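Presented below is the structure to which this report refers.
Residues take their numbers from the sequence shown, with the count starting at 1. None of the values given here were measured: they were computed from a predicted structure.
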Amino acid sequence: MKVLKFNKVALIYFAAGWLIGIFIVINMVLQTNDDCILVLIFISAFNLIINLFSMLLLFAFIFIFPENRVEFKNSLFLLMFNFPNLFFLFLTLSII
């Protein structure tokens, strides 16, 4: 079985995005302080901006460094499923 190669920075960033998302969901389920949830949603929105910038950078790296093309493609695909992107998609679908 082949092991997928990921960029280590993208992997850490992916994990951090999902941890923020888990904290938001836990706080919503436990119905904790609204300020805490709003701060986490703000952090998630900031994380979305960084995530989109990272995805553009990884997309450029695919063509700049052809020797690591597979690693960058896998990392780009991984970041597409990060929590801020899914959260933003959920918000846009719920508004429509």
Side-chain angles (χ1 to χ4, degrees):
M1 188 168 142
K2 213 178 204 185
V3 176
L4 294 175
K5 293 182 181 180
F6 294 107
N7 187 349
K8 291 180 183 179
V9 174
L11 196 58
I12 291 170
Y13 183 71
F14 175 78
W18 272 99
L19 283 175
I20 291 169
I22 289 170
F23 287 139
I24 289 173
V25 171
I26 288 173
N27 284 330
M28 286 183 174
V29 168
L30 296 177
Q31 297 177 351
T32 58
N33 190 358
D34 286 338
D35 293 336
C36 182
I37 294 173
L38 291 177
V39 167
L40 287 172
I41 290 175
F42 174 75
I43 291 172
S44 180
F46 183 68
N47 199 5
L48 175 70
I49 295 168
I50 294 173
N51 195 4
L52 293 176
F53 179 73
S54 300
M55 287 171 53
L56 287 173
L57 199 61
L58 281 171
F59 186 71
F61 282 168
I62 289 172
F63 299 108
I64 295 173
F65 301 108
E67 64 272 4
N68 294 335
R69 181 171 287 182
V70 173
E71 179 181 330
F72 291 136
K73 280 183 183 178
N74 290 340
S75 299
L76 183 66
F77 186 72
L78 181 73
L79 286 181
M80 285 182 190
F81 291 102
N82 205 346
F83 178 78
N85 290 347
L86 295 176
F87 185 69
F88 180 69
L89 180 65
F90 174 73
L91 283 179
T92 54
L93 289 177
S94 65
I95 291 173
I96 295 174

>> Quick check: closest heavy atoms across N7 and E71, and the distance to 0.1 Å?
In response: CA-OE2, 3.3 Å

>> Could you see if I49 belongs to whatever hydrophobic cluster contains V9? Use Ile, Leu, Val, Met, Phe, Trp, Tyr and a side-chain cutoff under 4.5 Å.
In response: no

>> Could you measure the distance from the CG atom of N51 to the CG atom of N82? Nearest 0.5 Å is fine.
In response: 4.5 Å

> What residues form a side chain to side chain contact (heavy atoms under 4.5 Å, CB included) with I50, not counting sequence neighbours?
Replying inline: Y13, F46, S54

> CG of L52 to CG of N47: how many Å apart, nearest 0.5 Å?
Replying inline: 10.0 Å

> Do you know which two heavy atoms are closest between F72 and F61, and how far apart they sit?
Replying inline: CD1-O, 3.6 Å

> Quick one: CG on L79 to CG on L56, what's the gap to the nearest 0.5 Å?
Replying inline: 11.0 Å

>> Let me check something: do L30 and F23 share a hydrophobic cluster, defined by ILVMFWY side-chain heavy atoms less than 4.5 Å apart, either directly or through other members?
In response: no

>> Using the rule that Ile, Leu, Val, Met, Phe, Trp and Tyr join whenever any side-chain heavy atoms are under 4.5 Å apart, tell me whether I64 and F59 fall into a single cluster.
In response: yes

>> If hydrophobic clusters are built from ILVMFWY residues whose side chains come within less than 4.5 Å, do F14 and L19 share one?
In response: no

> Closest heavy-atom contact between M55 and L76?
Replying inline: O-CD1, 3.3 Å

> Which value, rounded to the nearest 0.5 Å, describes the distance between L11 atom CG and F6 atom CZ?
Replying inline: 7.0 Å

>> Grouping I, L, V, M, F, W and Y whenever their side-chain heavy atoms are under 4.5 Å apart, do V39 and I26 come out in a common cluster?
In response: no

>> Looking at S75 and A10, would you say the former's side chain and the latter's main chain have a donor-acceptor pair under 3.5 Å?
In response: no

> How far does NZ of K73 sit from CG of N68, to the nearest 0.5 angstrom?
Replying inline: 12.5 Å

